[in-house]
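In what follows, a structure is listed as structure tokens, so that the remarks can point back to it.
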Amino acid sequence: MEYNFRKIEQHWKEQWKEDKVYEVQNPPTSTASTSAGEALKPKCYVLDMFPYPSGVGLHVGHPLGYIASDIYARYKRLKGFNVLHTMGYDAFGLPAEQYAIEHGIHPAVSTEQNINNFRKQMDNVGFSFDWSREFRTSDPSYYKWTQWIFLQLFDSFFNRKNKKAERISVLVNAFEKEGNKTHACPGDPTLKFTADEWENFDEARRMDILMQYRLAYCGYGEVNWCEALGTVLANDEVINGLSERGGYPVVKKKLRQWYLRITEYADRLLEGLEKVDFSDAMKEMQTNWIGKSSGAEIDFAIGESADKLRVYTTRPDTIFGVDFMVIAPEHDLVASITTAGQQQAVDDYITYVKSRSERERMAEKKISGVFTGAYALNPFNQKKIPIWISEYVLAGYGTGAIMAVPCGDERDHKFAKFFNIPITNIIGKYYDGVEANPTKEAILENSDFLNGIVMKEAIEIVIRKIEETGIGMRKVNFKMRDAAFSRQRYWGEPFPIKWIDGVAYPLDEKELPLELPHVDSYKPGPEGEGPLANIKSWTDRHLETNTMPGYAGSSWYFLRYMDPHNNKTFCDRKISDYWNQVDLYIGGTEHAVGHLLYSRMWTKVLYDLDYIGFDEPYKKLLNQGMITGKSYFFSVYTEDNIDINKVKRHISSYNKKNPANISQRFKYGHRFVDNDGRLFRKIFEKGLSEELIEDPNLDIQWEKEGEEEFIYVEEVSEKMSKSKFNVDNPDDLVAKYGADTFRMYEMFLGPVEMSKPWDTKGIEGVHRFLKKLWRLFFDDVKGKVWTDEKATDAELKVLHRAIKKIEDDTERFSFNTGVSSFMIAVNELTDLKCNKKQVLESLLILLAPYAPHIAEELWHQLGHQSTVLDARYPLFEGKYVIESSKEYPISVNGKTRTTLNISLDAAQMDVEKIVLENEVIKKWLEGKAPKKIIYVKGKMVNVVV
RNA sequence: GCCCGGGUGGCGGAAUUGGUAGACGCAGCAGACUCAAAAUCUGCCGCCCACAAGGUGUGCUGGUUCGAUUCCAGUCCCGGGCACCA
């Protein structure tokens with residue numbers, strides 16, 4: 001009997017579906033219910049990051065994380081847990097809308113098709129998702145609750161005293177009693193009013209003030225505006241200041257936008273990191289993103305004018321080293337302080353900056369800036385300081401203005417050198433005139449009352465002085481900004497908001513879901529508004545025309561899986577209390593500072609408002625690495641280097657010494673190039689040439705070796721993508737080798753967390769392993785070979801070593817070494833000619849999470865009636881693997897010279913004796929006495945001479 | 001530019017806490033079986049030198065240590081993110 005993986009996998013996929021083996025039971029929500037059997041087990045929630053169902057389907061990089069989580073979910077089930085493992089779709093998004101604009105197909109239609117395709121591909125791999133819990137964010141029964149949560153955010157503010165979200169009604173009560181005395185306004189820190197004033201404000205004014213407090217609020221923000229396309233563009237649709245489509249100019253434009261006041265949660269988001277199991281790198285990225293810093297805000301007088309220039313600095317100790325000020329090009333003071341003489345230069349510079357994306361501005365190495373003509377006065381010594389404008393200062397951070405200290409800050413230093421601004425040295429020998437030195441250890445010089453004080457101590461002294469003299473105040477700042485929460489797009493959740501006389505009012509809960517209306521055109525509305533602004537029935541109702549961004553639906557979806565069909569609430573409290581946090585969350589690091597922070601914030605708000613019982617969504621986060629594709633390029637030479645379009649071109653072998661002047665992509669090269677990087681003429685000419693290269697009108701100069709003609713091509717690792725022609729479809733591999741082989745091979749490639757190149761070459765080896773396993777049960781000629789004989793000690797040793805290793809590896813998500821451990825076990829059992837059910841049965845249970853189909857088939861062949869999914873994970877017993885001695889490496893001065901078999905309970909003295917008698921060691925000692933002998937029990941022996 | 005990660009044979013990778021570098025697999029080479037092929041099995045397989053002994057080796061330069069792929073400092077290269085792709 002052969003290993004017929006196609007028949008086996010088909011059969012079990014159908015059988016499992018029929019038996020509903022992956023449906024998971026919730027705990028009973030009412031006391032009347034009695035079927036609490038499953039719910040009594042400990043729970044485990046294993047979740048993959050929500051996929052966006054893109055039109056190109058899954059490539060081999062996508063399932064990596066899904067396979068890892070599936071293995072873990074199945075493993076935990078065997079370990080006796082009630083495992084929630086689910087999948088659904090983050091179905092709103094820009095690509096579907098873009099596709100609609102280009103092809104006239106409604107996003108709902110193309111999204112449905114894409115989802116069907118995704119589902120088919122996922123089913124192929126044999127995941128244990130409970131599909132009865134599937135949903136998509138674009139479904140009104142789901143986004144009803146996204147809108148509902150938005151209303152809770154809208155109706156809440158962050159009470160800084162209690163450090164939690166509370167209802168707006170609490171705030172209104174406080175305003176009525178005492179104005180905003182105890183609730184400083186996060187949206188406008190200068191806002192102060194009394195209870196009387198509040199009493200006398202009209203409705204619009206009150207709503208406006210409350211808006212400054214709400215966790216979901218409306219404000220104004222800059223967007224990428226493309227006049228020619230009449231639309232707002234996403235960052236990645238803008239390339240070098242031009243639109244990706246059409247290459248039209250893109251400028252910044254202020255538009256009304258919704259925001260989430262995530263900055264109020266900055267401290268809680270930081271503290272929360274201490275109680276979750278994320279990688280240090282991930283925690284660091286989030287910490288840096290939040291960017292908490294402490295320092296001071298200091299006001300500088302501007303010449304004779306009444307205006308003050310407020311700067312934020314973390315280094316107030318350097319106040320006497322300030323040689324110039326830099327304000328952001330968007331700074332409010334630009335217009336008023338610029339002198340007539342500098343007006344033209346400033347205008348030109350502002351125009352230039354408007355065409356620059358924030359990314360470009362931060363990444364720019366070239367120094368640029370312009371002098372305003374105005375001077376600020378150092379508040380301590382009244383020194384005149386020129387005020388400059390430069391793009392390296394961003395309007396959104398701090399006060400949008402900095403005091404520049406060239407001797408202590410690298411960017412300020414370069415700026416000063418570039419514009420020939422004189423540099424004051426306040427740190428003596430620490431500054432060499434060539435490079436800035438950001439030290440805090442220097443003793444201050446040229447610093448008035450700070451002279452002779454160490455910088456890090458001066459910080460506190462200056463802040464106190466600043467506060468005493470009223471020229472500024474201590475200030476904690478965050479780099480993180482409030483999250484922009486609206487898009488001028490069609491394919492997203494509508495806001496449950498209507499506008500009456502310029503005031504935003506929430507819809508009543510009963511009006512939810514506010515369904516997305518049908519549109520015939522996806523063209524933007526007037527003035528950069530979204531397509532909804534074109535619909536009369538929508539604007540007649542004064543409904544908000546923006547829609548929510550992609551991360552709205554994905555910020556809380558993990559809760560919905562717990563109770564996906566509930567139409568009374570987003571998730572029953574008893575059920576969320578049971579399933580609680582996600583125990584294992586798997587996804588890419590690209591979500592580090594977007595999705596992960598937003599969903600952490602939403603969870604905290606829902607917790608504060610007492611809708612759920614935990615304030616961190618993900619207990620353990622595992623980041624899967626990217627699988628990169630291999631792309632191949634031809635070297636293309638022109639006869640000379642003048643004009644590649646006119647001169648005849650030819651291709652020859654890629655050669656590092658003689659690099660091409662241009663290169664040409666060899667499409668799907670990963671399927672055709674041999675191990676030495678050669679492309680053979682016979683493959684190329686098998687009618688494939690036109691598909692394989694972008695421009696077939698090229699001469700190829702083949703190299704010859706015997707009969708063979710070939711050229712060398714260049715190999716490059718790139719992100720896998722259909723447009724790069726370097727993808728493989730999992731379906732093809734599953735068809736060829738089966739899902740079990742595919743699953744194990746993806747794991748065998750390397751550690752899940754690491755990015756690695758895709759290569760199908762090794763898949764044969766994994767397939768061979770499964771065939772070899774099969775032969776432990778069935779011989780091609782003899783048929784059934786497994787027996788009921790009692791296992792030997794040697795066989796049990798192999799088994800128990802495997803149990804220990806595979807359990808450890810699975811627990812620490814080291815699936816690649818897990819797969820090799822299976823290979824080792826099967827190799828050893830084959831060598832021992834072990835076909836004993838007693839051993840093989842346990843092995844199958846170990847294997848079931850990794851290769852579920854073959855494990856289930858053989859499990860039934862061994863005579864079991866029930867599924868292997870519910871078997872009991874074998875228990876490791878140490879007694880089978882005990883060793884009494886070890887082959888010790890013996891080194892001299894740290895270099896291994898020989899090995900010796902020594903009893904594991906040997907004492908230092910015994911070991912020294914054995915080692916010194918050894919011929920090899922004697923030779924290395926050359927008759928000298930060893931200085932000392934290091935003996936680490938169970939590890940090694942080192943003789944030091 | 002800033003933040004994070006990575007760099008080990010021809011290739012993917014292993015070495016879990018500082019203790020035999022290269023497990024397992026691919027590719028390659030030699031052989032067995034076969035009319036032949038496939039499948040399967042056996043052996044070899046970092047580099048240099050090669051009879052052996054040895055030397056050398058985890059991007060690069062240094063350091064700590066009896067001992068460093070592992071820890072520290074510096075440096076180069078590659079990948080991801082940087083707020084409207086998801």
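Since we're looking at a predicted model, the values are computed, not measured. Below, chains carry the letters A, B, ... as their sequence lines are ordered, and counting in each starts from 1.
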>> From C-beta outward on A:Lys923, which listed nucleotide comes closest to its side chain: B:A86, B:A23, B:A53?
In response: B:A53
> Which nucleotide in the set B:A39, B:A83, B:C11 lies at the smallest distance from any side-chain heavy atom of A:Lys771?
Replying inline: B:A39
> On a whole-Å scale, what distance lies between the C1' atoms belonging to B:A27 and B:G46?
Replying inline: 15 Å
> Expressed in whole Å, how much space separates the P atoms belonging to B:U75 and B:C66?
Replying inline: 28 Å
> Nearest to the side chain of A:Met285, which nucleotide is it out of B:A14, B:C24, B:C3?
Replying inline: B:C3
>> Measuring only the C1' atom in each nucleotide, how far is B:U64 from B:G12? A whole number of Å is fine.
In response: 33 Å
>> As a test of reading the structure: which of B:C84, B:G6, B:G81 is closest to the side chain of A:Asn235, going by heavy atoms?
In response: B:C84
> Which of the following nucleotides, B:A86, B:G13, B:C84, is nearest to the side chain of A:Asn224?
Replying inline: B:C84
>> Considering every strand and a 4.0 Å limit on heavy-atom distances, what is the contact class for A:Lys937: base, sugar-phosphate, or nothing?
In response: nothing
> Glycosidic conformation of B:G9, syn or anti, with 90° from 0 as the boundary?
Replying inline: syn
>> Roughly how many Å apart are B:U70 and B:G7, using the P atom of each and rounding to a whole number?
In response: 11 Å
>> Side chain of A:Arg768 only, heavy atoms from C-beta on: which candidate in B:G80, B:C3, B:U40 is closest?
In response: B:U40
> Has A:Arg487 got a side-chain N or O lying under 4.0 Å from the OP1 or OP2 atom of B:C85?
Replying inline: no
>> Rounding to an integer number of angstrom, what distance separates B:C29 and B:A39 when you compare their P atoms?
In response: 15 Å
> Between A:Phe485 and A:Phe495, how do the two ring planes meet: parallel, tilted or perpendicular, split at 30° and 60°?
Replying inline: perpendicular
>> From C-beta outward on A:Trp289, which listed nucleotide comes closest to its side chain: B:C82, B:U20, B:G55?
In response: B:C82
> Between A:Asn827 and B:A23, does any side-chain N or O lie under 4.0 Å from OP1 or OP2?
Replying inline: no
> Relative to A:Tyr220, does A:Lys254 satisfy both conditions: NZ or CZ under 6.0 angstrom from the six-membered ring centre, and within 45 degrees of the ring's axis?
Replying inline: no
>> Just checking A:Tyr585 against A:Phe558, ring centres under 6.0 Å apart?
In response: no
> Quick one: is A:Thr896 getting a side-chain N or O under 4.0 Å of the B:A21 phosphate, OP1 or OP2?
Replying inline: yes
> On a whole-Å scale, what distance lies between the P atoms belonging to B:C4 and B:G74?
Replying inline: 13 Å
> A:Val766 near the nucleic acid: base, sugar-phosphate alone, or nothing, with a heavy-atom cut-off under 4.0 Å?
Replying inline: nothing
> When you check the phosphate oxygens OP1 and OP2 of B:G55, does a side-chain N or O of A:Arg897 lie under 4.0 Å from one of them?
Replying inline: yes
>> Quick one, A:Phe5 with A:His767, criterion ring pair (Phe, Tyr, Trp, His ring centres under 6.0 Å). Give me CA distance, side-chain angles, the key distance, then yes/no.
In response: CA-CA 10 Å; A:Phe5 59 86; A:His767 193 61; 5.3 Å; yes
>> For the C1' atoms, the ones on B:G57 and on B:G22, what distance do you get once it is rounded to whole angstrom?
In response: 11 Å
> Expressed in whole Å, how much space separates the P atoms belonging to B:U61 and B:C2?
Replying inline: 25 Å
> Looking at A:Trp758 versus A:Tyr745, is the centre-to-centre ring distance below 6.0 Å?
Replying inline: yes
> Considering only heavy atoms and no angle criterion, is a donor-acceptor pair shorter than 3.5 Å present between the side chain of A:Asn288 and the base of B:C3?
Replying inline: no
>> Please confirm whether the shortest side-chain N or O distance from A:Arg812 to OP1 or OP2 of B:U16 is below 4.0 Å.
In response: no
>> Checking contacts here: which listed nucleotide (B:C3, B:A86, B:G55) is nearest the side-chain heavy atoms of A:Glu284?
In response: B:C3
>> Any donor-acceptor pair, under 3.5 Å, between the side chain of A:Glu237 and the base of B:C85, if you only look at N and O atoms?
In response: no
> Between A:Phe822 and A:Phe769, what is the ring plane arrangement, given parallel below 30°, perpendicular above 60°, and tilted in between?
Replying inline: tilted
> Considering every strand shown, what is the Watson-Crick or G-U wobble mate of B:U64 when both distances are under 3.5 Å?
Replying inline: none
